[in-house]
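Reviewing the structure listed below.
Numbers restart at 1 for each chain; the letters A, B, ... are given by sequence-line order, proteins then strands.
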Amino acid sequence: MSQELSVFMQQLFNALTISGVYALVALGITVIFGLTGIVKFSIGELLTLGAFLTFAFWEGGTTFFLAVPLAAIAVGGFSLLLERGAFRFTLDQPINGFIVSLGLILVLQNLIIEIWGVGFKAPIRPFTQVWEVGGVSMPVQRWFVVWVAVVIIGLLFMVLRYTKYGRAMRACAEDRDAAALMGIPVALVIAGTFALGGALAATAGGLLASLFAIQPFLGSQYLLKGFAVALVGGLGNVEGAVIAAVLVGLTETMGSGYLATEWRDAYTFGLLIAILLVRPRGLFPARGRLQETLQ
Amino acid sequence: MVAVSRSFAGTLLRQYPPADILTIRLPLAILLALPLLAPMLLPSTRLLSLAITAAIFLIVANGLHIVFGYTGQLSLAHTTLWGVGAYTAALLAIHYGWPTAALIPAAGISAAIAAVAIGIPAFRTAGFSFAIITFAFAEILRTVAINWRDLTNGGAGLMLRTPPTSIGPIEFETIRHLDNFYYLTLAFAYLSLAGVFLIRQSRLGRTFIAIRENESLARSLGINVYLHKLIAFGLSGFFAGVAGVFLLYNNQKIEPGPLSPFSAFFTIQFLLMILIGGRFSMLGPTIGAVIAVFAPEVIRPLIGLTPLGDLSTARIQIIFGSTLVLTVLFAPNGVAGQAKERYGALAAALQKFRERQGGAAPPGAAAGG
Amino acid sequence: MIKRLRVWWIVGVLLTALLVGAACTSDDDVDDDGEDATATSAPTNGEAATATPFTGTILTPEDVLRKDGTATKEVEIEWGWMFELSGPPQIQIFATVTGDGVLFAVQEINDAGGFQIGDTIYTIKLLEHDTESDPNKTIGITRQLIVDDEVNVIWGPASFGEAEATVITQAEQVLHLCACQDRGLTSLSSVEKAAGESHWAFQTLPLVSRFFLQGALNVKEDHPEYERVAIICIDSEIGRSICELYEESYSAAGFEIVGVKVFPPGTSDYTPLLTNLKQQNPDILLNFDDPTAQLNILGQALDMNVASSYNTSLPPDIVQAAFGDRLEGKEVTAGGIPRQATVPTSEAAAAYFERYAEFSGGELPLASFVSLLSYDFVYMLVAAMQQAGTVEDTTAIADALETIHYAGAAEDDIYFNEQHFSVIGSDGCIVRFEQPIECSHDAPVRD
Amino acid sequence: MLKIRQLSSFYGPIQALREVSLDVDSGEAVAVLGPNGAGKSTLLRTISGLVKPRSGSILYREHEIVGRSTHAIVKLGIVHVPEGRRIFTQMTVLENLMMGAFTRDNKKDIEEHLEFVYEFFPDLAEKRRQLGGELSGGQQQMLAIGRALMSEPSLLLLDEPSLGLSPIMVEQLGKTITAIRQDLGMSIMLVEQNAGLALELTGHVYVMQAGRVVLSGATDEVSIEEIRQAYLGGVSNS
């Protein structure tokens with residue numbers, strides 16, 4: 001392989017890992033938005049919480065492979081409680097839900113600081129090997145993260161398409177009232193979706209804890225990127241979020257790989273503006289009554 | 001249709017009929033006049049400095065109120081426009097020695113132009129797409145402020161070479177003539193308040209509200225929604241730009257750092273101010289700005305007296321965040337909204353009392369705004 | 001999103017202290033090592049000093065506190081004291097110990113009966129304020145101290161609002177001593193540019209970048225075969241300045257700079273940049289940022305095998321713990337930490353920490369070495385007042401402060417250089433796979 | 001079967017139902033007529049639990065259903081086909097029908113119902129793999145009704161089913177509704193603007209005006225003229 005090609009392949013691999021994480025966060029945002037019209041900004045903090053819980057479980061002796069699902073379940077449950085305690089009162093006014101999530105950012109971020117302090121935690125590395133193929137360095141840990149993301153996304157698609165709960169979710173997303181008239185317990189589905197969104201974000205956080213050092217302000221960066229991804233893909237559209245995640249991951253990686261690095265965020269947000277100007281509701285707009293009234 | 005009023009007082013009179021002078025006009029007037037006495041009432045320069053900060057915040061918040069409160073558009077670029085105003089003023093003052101009297105309109109206009117420039121593409125979208133596009137522009141502007149080093153001096157920011165010291169005969173150098181600087185800032189705070197009031201009373205303001213309430217209805221009535229959103233955004237930018245001059249004078253520098261107008265911190269902070277104050281009330285942003293600046297001054301010592309003792313900042317933030325969540329859940333119209341409800345109830349009770357006394361009750365006792 | 005720290009490296013310094021603190025309290029052997037280090041550091045110190053040492057009088061605490069019994073008056077003077085006692089916890093810890101150093105020194109001076117100038121004995125009262133890490137509040141406090149309280153001296157803050165405060169103090173010719181980390185990069189230089197001078201501002205925290213040249217020379221000496229250097233820095237004023245100083249220092253030491261990359265704050269994935277830098281085949285990768293970024297950069301660079309040697313400001317034991325066998329065949333150098341940050345290198349420092357522990361109720365606070373970086377300067381300021389013969393004429397005091405050399409707890413010869421930065425030595429350490437961490441104490445870089 | 005007494009509901013700040021009382025007997029078809037904004041849709045939405053009433057009672061087979069959630073009411077056997085069809089446009093015809101069977105768990109049972117609905121609406125069988133959004137208006141209406149039949153309700157609430165349909169489709173709809181009542185023995189509550197169609201299909205008629213029932217009677221006893229009068233004024237009763 002020529003050097004240029006191997007560098008390019010290396011950058012592609014770099015982009016792949018980060019896209020997987022963005023996709024998980026964006027899916028968390030997008031499923032909740034699709035159902036409720038609430039943009040849950042505090043999902044960034046749920047990601048941080050997932051990362052720290054994973055670390056705490058791991059530190060307590062649990063293996064990393066069990067720590068991540070445990071953290072995801074815990075955060076999913078916590079997210080469910082938040083829905084029951086706060087978000088369900090804002091379903092008529094999604095903007096209020098958005099504001100509640102802003103307030104929760106403060107609460108959760110400082111809660112994490114109270115519990116774990118402001119310091120960082122070094123990454124957990126279950127796999128330390130690095131594969132070298134044609135000049136491309138591929139840490140096994142990164143492959144692991146990519147595959148976990150792919151499997152989770154695949155599972156999510158299967159659940160949405162082929163299970164009763166998945167169909168109910170899609171029905172609620174498209175038309176909440178009509179879904180209720182089918183006998184679907186809409187409130188339960190919404191609560192379940194909050195749990196799912198939280199669990200997805202926490203999984204992303206757990207995976208991040210194996211790649212990078214984590215600190216209590218971790219969530220905000222991923223939230224903003226995840227939100228950008230969800231918007232580019234079309235808020236509420238699950239397939240769109242995955243494609244957009246790859247697009248944003250590539251832009252960011254290639255932008256900082258081949259152009260001036262310090263302008264990286266400008267590339268990403270420039271792309272976002274350009275796409276939203278051409279397609280104001282994202283590349284693959286979700287179609288439902290909620291989306292029509294909100295956007 | 002009530003014609004657009006030519007005088008502030010006239011509008012005020014129409015808004016609050018004379019019969020309600022005791023229940024609404026007088027307390028409101030006292031409340032609004034109170035800041036004039038601040039230099040006499042506040043015991044220290046430190047608190048007067050905070051009052052200046054509150055006045056600056058108030059101008060910024062009133063600007064955001066036009067686009068967020070009136071038109072209902074969630075702009076996440078507003079504080080960046082504040083920074084644009086400050087940078088414009090700093091550049092003009094440092095490189096061309098412009099006097100204050102010229103800096104204020106120049107900063108306002110440049111921020112308004114920036115707002116319109118962002119608005120032209122951004123208003124092709126709505127809702128969260130609009131919010132995130134404005135946020136994207138804000139991030140890009142921040143990146144520019146950090147990296148266009150020839151113009152902005154990078155992360156170090158711009159510092160005033162010779163702080164402007166007077167408008168005409170009035171000295172307002174910020175340490176020896178802090179009272180004057182306070183009154184100058186306060187004057188513009190009042191102007192901004194009058195500004196949002198007059199806009200609200202005007203046909204333009206009613207159009208904004210119509211757009212907020214029902215955009216498609218407004219469109220079907222022949223209103224050019226896009227143009228009016230642009231106007232609202234431009235106006236809000238003007239307010240922010242003017243406030244930028246005062247920020248620059250107060251801090252004597254402007255930089256794109258983590259606690260500057262370019263930070264997401266302030267973006268959220270100002271949204272919270274408006275929400276806590278009341279996003280459907282004219283006085284909401286004012287109340288919110290005053291609360292945001294002075295509440296910690298009151299709360300910290302108070303908590304210190306309780307068994308809770310000295311709370312860590314993290315815990316205070318947890319309390320603050322929870323309060324916000326509870327406010328949204330239980331009082332979505334903020335402090336002003338709550339006050340108005342209570343006041344409305346009080347006024348109604350008074351009216352009933354008068355009716356029972358046999359007096360001819362005047363109609364329309366509810367406070368508007 | 002909300003609290004992004006302005007000065008990343010403080011955290012690194014803090015963590016060093018944290019870990020060293022933990023090591024010292026948990027392991028008795030380390031204490032012995034510490035004494036050894038003290039014993040062996042003296043010659044190293046002498047050899048490494050590149051410039052001629054100061055030959056004039058170096059003042060001591062005894063000189064400052066000496067009284068000749070001729071005093072007839074007693075006067076209490078007031079100084080301003082404002083630090084970030086609340087706000088982002090990282091800054092808070094750092095600011096608290098910095099402020100403590102001042103409190104401790106003032107208390108000592110007062111307990112010793114004050115200091116004498118002519119026929120007057122002066123004692124000091126500190127007007128204490130919490131800035132809450134809010135620049136607006138810092139501005140307000142500064143104005144109050146100058147206008148209402150009419151102080152001539154202000155200590156603090158540590159980071160937030162220091163530039164804003166400096167503008168005011170310099171316009172009002174008030175002596176302003178702070179540990180403001182980026183003062184040299186923002187306010188001091190800007191004030192200098194703006195007002196022609198900033199004569200009354202002094203920086204008590206040594207500029208980390210001053211250690212770079214010594215570091216570069218050390219590396220060249222140990223590894224003459226290394227030639228190509230790549231640098232990676234955060235896109236902030238500090239980061240860019242560190243990049244520039246790295247470039248200058250390593251070029252001066254005879255290295256070739258093959259790549260410089262600047263990344264936006266909040267980055268966690270550095271692989272795109274590292275891929276790019278790896279193409280240049282660097283021997284050494286330099287990075288100096290907040291610990292999270294350094295850990296990520298170092299980890300990813302080790303994965304990708306970017307260079308043979310890596311330089312970081314991460315505490316050596318963190319490096320060893322975090323990377324373990326991934327260090328095989330690699331060498332990580334750590335440096336840029338003030339000398340007292342690892343173990344006390346002088347008796348005075350050891351004694352200081354003992355007294356400080358007593359002062360703060362038995363236990364040393366986190367990062368307590370930072371308090372040394374303000375403690376000594378209180379004595380220096382008093383010495384300057386004595387030399388100028390006044391507690392009021394700030395210009396005369398500042399003139400005197402520029403010339404004084406002082407044997408303090410942090411260093412046996414502390415002074416302010418031309419730019420009013422304090423000059424203090426540093427530690428440099430090397431981490432290799434399955435080998436003990438080697439540290440040497442570098443002398444201060446003389447101007 | 002369904003006894004509504006003194007029902008009052010609000011639509012936002014506006015009172016949409018003012019003490020409405022109404023009965024539907026088992027196996028009966030009832031029409032609710034009235035101009036736009038008379039509160040007909042709110043009435044159906046209140047019955048199906050989408051709108052919580054301010055006061056009043058709804059007894060269904062002696063159960064009080066006020067305060068129950070929509071999905072519980074569906075389980076009791078009341079299914080509401082909302083105005084404008086509201087089929088799931090992003091789902092296939094089959095998936096739409098499966099949504100209708102959400103309350104059922106027995107797979108065999110569901111299969112049987114599916115076969116039955118396909119027999120009833122052969123068009124749907126043909127297009128079972130197509131997205132709901134790709135169907136014509138008439139087919140969508142059939143899908144909406146077929147979807148409702150999947151849960152085998154005992155009371156079917158139909159809101160403006162003829163809206164936007166061609167005269168031929170309206171005629172077919174009429175046949176379908178008659179068949180549902182006669183062949184399947186379901187009770188039907190039909191809200192319509194098309195008074196002619198409604199009167200043709202039902203045995204009892206209620207006319208609403210401004211949230212109140214202003215006229216009620218057996219279809220064959222009420223004259224078109226009376227209904228028109230009630231539509232326009234309704235003043236006499238207010």
request  = Counting only heavy atoms closer than 4.5 Å, note whether Met98(D) contacts chain A via side chain, backbone, both or neither.
outcome  = side chain
message = Applying side-chain hydrogen bond (donor to acceptor under 3.5 Å, both in side chains), can you list everything that pairs with Ser154(D), at least two apart in sequence or on another chain?
response = Tyr60(D), Arg61(D)
note = Across all chains, not counting sequence neighbours, the side chain to side chain contact (heavy atoms under 4.5 Å, CB included) partners of Gln193(D) are Asn36(D), Lys40(D), Glu160(D)
note = Honestly, the part of Ala187(A) sitting under 4.5 Å from a heavy atom of chain D is neither
request  = Answer with side chain, backbone, both or neither: which region of Ile87(D) has an atom nearer than 4.5 Å to a non-hydrogen atom of chain A?
outcome  = backbone
key: Residue pair Lys107(D), Asp109(D): steps toward the side-chain contact (heavy atoms from CB on, under 4.5 Å) verdict   = CA-CA 5 Å; Lys107(D) 269 205 173 151; Asp109(D) 203 26; over 6 Å; no
message = I'd like to know if Glu152(D) and Arg104(D) make a salt bridge, using a cut-off of under 4.0 Å between side-chain N and carboxylate O.
response = yes
note = Comparing Asn96(D), Thr89(D), Val79(D), Thr103(D) against chain A, the one with the most heavy-atom pairs below 4.5 Å turns out to be Thr89(D)
query = Taking His80(D), Arg85(D), Met99(D) one by one, which has the highest count of heavy-atom pairs under 4.5 Å against chain A?
reply = Met99(D)
ask   = Do Arg147(D) and Phe102(D) meet the cation-pi criteria used here (NZ or CZ under 6.0 Å from the six-membered ring centre, within 45° of the axis)?
value = no
